[in-house]
2 protein chains.
Amino acid sequence: MPRATIGDVARVAGVSKGTVSLAYSGNRPVAEETRRRIFAAAEDLRWTPSQSARALATSRTGSIGLVLNRRPDVIATDTFFSRFIAGCEAVLAEAGMGLMLHVVGDPDAEAAVYERFAAGRVDGVILLDVEQDDTRPELVRDLGLSAVVLTGEQPRTDTSSDLPVVWTDDASAIHELVDLLVHAGHERIAHVAGPLRYVHAATRRRAFEAAMSRHGLEEARIVEGDFTAASGRSAAEQLLGSAAPCPTADGTAPITLPDRPTAIVFANDVMAIAGLSYARSIGLRVPDDLSITGFDDSELSAHLSPGLTSVSTGAEARGEAAARTLLAVLTGAAPQCVEVEGNRVVRRGSLAPPSTV
Amino acid sequence: MPRATIGDVARVAGVSKGTVSLAYSGNRPVAEETRRRIFAAAEDLRWTPSQSARALATSRTGSIGLVLNRRPDVIATDTFFSRFIAGCEAVLAEAGMGLMLHVVGDPDAEAAVYERFAAGRVDGVILLDVEQDDTRPELVRDLGLSAVVLTGEQPRTDTSSDLPVVWTDDASAIHELVDLLVHAGHERIAHVAGPLRYVHAATRRRAFEAAMSRHGLEEARIVEGDFTAASGRSAAEQLLGSAAPCPTADGTAPITLPDRPTAIVFANDVMAIAGLSYARSIGLRVPDDLSITGFDDSELSAHLSPGLTSVSTGAEARGEAAARTLLAVLTGAAPQCVEVEGNRVVRRGSLAPPSTV
DNA sequence: GGGCGCTATCAAACCGGTTTGCGCCCATGG
DNA sequence: CCATGGGCGCAAACCGGTTTGATAGCGCCC
């Protein structure tokens with residue numbers, strides 16, 4: 001038996017289609033007695049309005065779109081996305097909206113997805129991983145899609161794009177990490193950044209350099225990673241050398257190379273964990289010989305030994321804020337920039353004063 | 001300027017709406033010359049058919065639904081989901097379909113999502129994490145949704161549900177792991193399972209017991225975890241005791257308790273990594289004093305030291321297979337059960353013969 | 001009692017596609 | 001020369017809702 005339609009409900013309740021619609025939307029008053037009859041009929045027939053029909057009539061699809069343009073294994077290991085999506089979902093579900101997700105492999109594919117989104121599939125989109133000279137804001141504007149952008153710094157007011165922005169202050173978190181390290185006595189601190197084409201990665205990198213020079217430490221060593229464990233490990237290899245001059249088989253500390261960093265600030269937890277593991281494998285003790293920090297504060301980081309010092313980014317909160325902002329725009333509110341105060345440094349055992357050799 | 005409609009295209013091309021539609025669908029032949037005019041007009045107007053209108057007319061929404069009923073932090077750390085979704089997406093995108101994702105917190109919320117799915121939002125759904133006496137197959141059938149189920153064992157033919165199933169042979173992978181451990185000389189092997197309400201977790205647990213008894217090792221110790229790092233750590237605590245009787249500060253091996261397991265088979269990588277970390281923190285050497293295996297083979301596992309022995313589950317392949325099967329059902333094919341041969345044991349340094357004390 | 005305003009409802013148009021019965025036109029064959 | 005048939009395209013119905021101008025019914029007041 002096919003699904004009941006609004007016509008069936010109207011017939012059973014003895015009213016017209018229009019009245020049923022009004023009873024549900026409340027756009028015009030309906031007599032209490034009539035409303036009861038309609039609801040009863042709808043319940044009897046197990047009727048729920050068809051989203052397809054409603055979408056056509058209202059030209060609102062009732063869902064928003066999200067495109068993830070990263071390699072699947074990065075999405076899988078980086079814990080940001082899942083938590084961000086969960087945050088979005090919590091808000092969207094409350095509003096009766098759906099989330100349409102696409103995972104793509106390259107920018108062209110991503111553009112194609114927005115084209116399809118604009119053809120009556122979603123009402124708006126959330127833009128993640130903004131790059132330098134990103135063409136997507138322009139694209140979605142041309143397509144008539146509402147959008148909200150996620151960034152890691154306060155948007156400049158002179159920016160050409162007038163899209164609403166949800167941002168966190170990533171730079172401060174980096175400053176805090178560097179401060180912690182410097183106060184603990186570190187001087188040779190290295191940074192393993194994310195792909196620098198991402199604005200947020202570049203922001204953190206700049207923040208790292210600024211923090212270092214603020215402490216009079218100019219010789220900041222920076223390696224660009226790509227958020228994978230593999231790149232975290234190879235970055236560590238570059239920074240630490242391929243083997244300790246003197247393995248710790250006998251329990252003594254390895255000789256400290258003059259230019260070997262005593263601390264590394266990684267751009268995410270996965271790279272940090274892989275880097276930590278590598279450091280140990282060449283005989284370095286963490287944190288005695290090398291302090292390590294991550295970024296994202298994945299659930300795993302708290303349960304390592306030593307625990308990984310990281311930055312809790314409030315991914316859920318950012319997802320919620322992004323969804324909320326987008327919903328507001330969809331209901332006609334003016335675009336706004338909202339800050340999410342989600343970043344919080346979590347200090348754990350992986351950060352300690354350097355051992356004095 | 002609002003989006004062009006099929007009527008605009010028809011007018012510009014000098015034909016009727018119907019002919020435009022036919023030219024695109026190919027459901028009836030259209031003269032070559034006419035077709036060219038239509039396509040040219042469509043291109044001029046940058047017209048793309050509205051999915052909303054098409055959905056109403058064809059009663060096909062062009063998207064499928066996926067509900068994740070797990071805690072956000074578990075989804076975030078467990079790498080299965082992202083890779084599974086990426087696999088789905090690859091197939092769906094090719095077919096011009098979308099994926100509607102929902103993350104929910106409890107079974108009631110999940111049921112509500114399926115109700116909404118059935119109201120013209122998706123054409124079919126993929127069911128993950130099947131539980132004992134799961135009510136979802138029945139629910140989606142009642143709602144008239146097409147569905148495909150993902151499992152970790154061959155479906156019994158006497159099962160009441162006639163839904164198509166995409167399955168992998170998880171039990172064999174567990175048998176292989178246990179075989180590896182036994183051949184390496186282990187006898188006291190423990191298992192940290194996933195939540196046993198999940199059919200796949202129960203399957204693996206049974207497989208573990210069967211493998212042990214096949215080797216004449218009856219005293220299988222099993223702890224139930226919940227896939228989080230926290231539970232992996234506390235499971236390790238239960239199995240290994242809270243501290244090594246003799247710390248390795250002087251480099252000697254800790255005294256082996258008579259009943260301490262020499263190997264632990266974890267149900268996923270995150271728990272394994274947390275467990276490994278705990279073991280080390282109480283002075284046990286991995287793999288010398290304790291061998292450890294995981295499940296899922298996350299990208300991180302390959303880049304630890306020692307590398308984590310795990311089971312590569314072919315999550316992408318399973319996603320692809322699930323999407324493909326669902327698409328087939330949607331186009332009218334008979335429900336089928338397909339096996340995905342994705343499980344492959346990846347041996348790394350965390351598995352070795354027990355040290356003879 | 002007639003005019004007025006208000007409320008509750010109806011009927012019809014509309015959203016933008018798909019589907020199908022029908023008719024036109026031209027070529028072909030008897 | 002006329003009947004037949006096939007290739008093309010048109011017009012209209014339809015999908016299941018929403019929206020709105022019109023109307024019926026009612027009470028109220030002057």
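Order of the sequence lines sets the chain letters (A, B, ...), proteins ahead of strands, with each chain counted from 1.
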Query raised in the report: Has B:Glu339 got more than 12 heavy atoms of other residues, nucleotides or ligands less than 6.0 Å from its CD?
Result: yes
Query raised in the report: Taking atom P of C:dT19 as reference, at what distance in whole Å does atom CZ of B:Arg54 sit?
Result: 9 Å
**Report entry** Between C:dG17 (P) and B:Tyr24 (OH): distance, integer Å
**Finding:** 11 Å
Query raised in the report: Ring centroid separation for B:Trp47 and B:Tyr24, is it under 6.0 angstrom?
Result: yes
Query raised in the report: Tell me, do B:Ile126 and B:Phe84 make a side-chain contact under 4.5 Å, heavy atoms counted?
Result: yes
Query - Whole angstrom value for the distance that separates P of C:dC10 from CD1 of A:Ile38 - result: 8 Å
Report task. Have a look at A:Thr5 and say if it touches a base, only the backbone sugar-phosphate, or nothing, with a 4.0 Å heavy-atom cut-off. Result -> sugar-phosphate
Find every protein N or O atom lying less than 3.5 Å from an N or O atom of nucleotides 25-28 of chain C, and list the pairs.
none

Check: protein-nucleotides 24-27 of chain D nitrogen or oxygen pairs below 3.5 Å:
none

Query raised in the report: With under 30° as parallel and over 60° as perpendicular, where do the rings of B:His200 and B:Tyr198 fit, or are they tilted in between?
Result: parallel
Query - B:Thr79-B:Arg83 side chain donor-acceptor pair, cut-off 3.5 Å - result: yes
Query raised in the report: How is A:Thr58 classified with respect to the nucleic acid when contacts are heavy atoms under 4.0 Å: base, sugar-phosphate, or nothing?
Result: sugar-phosphate
Query - Between C1' of C:dC14 and CD1 of B:Ile6, the distance in whole Å - result: 16 Å
Requested in this report: Starting from P on D:dT18, measure out to CG on B:Leu56 and report it in whole angstrom.
Outcome: 12 Å
Query - B:Arg318 to B:Phe81, cation-pi by 6.0 Å centre distance and 45° axis angle - result: no
Quick test: give all pairs of protein nitrogen or oxygen and nucleotides 9-12 of chain D nitrogen or oxygen below 3.5 Å, distance rounded to 0.1 Å.
residue : atom : partner : partner atom : Å
D:dG9   : OP1  : B:Thr34 : OG1          : 2.3
D:dG9   : OP2  : B:Ala31 : N            : 2.9
D:dG9   : O6   : B:Arg28 : NH1          : 2.6
D:dC10  : OP2  : B:Ser16 : N            : 2.9
D:dC10  : OP2  : B:Ser16 : OG           : 3.2
D:dC10  : OP2  : B:Thr19 : OG1          : 2.7

Query raised in the report: Does A:Trp47 have a side-chain nitrogen or oxygen under 4.0 Å from the phosphate oxygens OP1 or OP2 of D:dG16?
Result: no
Query raised in the report: Around atom CG of A:Asp133, are there more than 12 heavy atoms of other residues, nucleotides or ligands at under 6.0 Å?
Result: no
Report summary line: Closest to the 5' end of DNA chain D, once A:Asn27 and B:Glu32 are matched to their nearest nucleotides, is B:Glu32
Requested in this report: For the pair B:Asp162 and B:Arg141, evaluate side-chain contact (heavy atoms from CB on, under 4.5 Å) and give the outcome as yes or no after the intermediate values.
Outcome: CA-CA 10 Å; B:Asp162 51 353; B:Arg141 185 158 37 76; 4.3 Å; yes
Report task. Could you check how far CZ of A:Arg121 sits from P of C:dG17, rounded to whole Å? Result -> 13 Å
Query - A:Met100 side chain near B:Ser63 side chain, heavy-atom distance below 4.5 Å - result: yes
Query raised in the report: What nucleotide, of C:dG17, C:dT18, D:dG16, holds the atom closest to the side chain of A:Ala53?
Result: D:dG16
Query raised in the report: Could you give the CD-to-P distance, from B:Gln51 to D:dG16, as a whole number of Å?
Result: 16 Å
Requested in this report: Enter the distance from A:Arg60:CZ to A:Leu330:CG here, rounded to the nearest 0.5 Å.
Outcome: 5.5 Å
Query raised in the report: Hey, does A:Ser52 have a side-chain heavy atom less than 4.5 Å from the side chain of B:Ser59?
Result: no
Report task. Working to the nearest 0.5 Å, report the span between CD of B:Gln154 and OG1 of B:Thr168. Result -> 11.5 Å
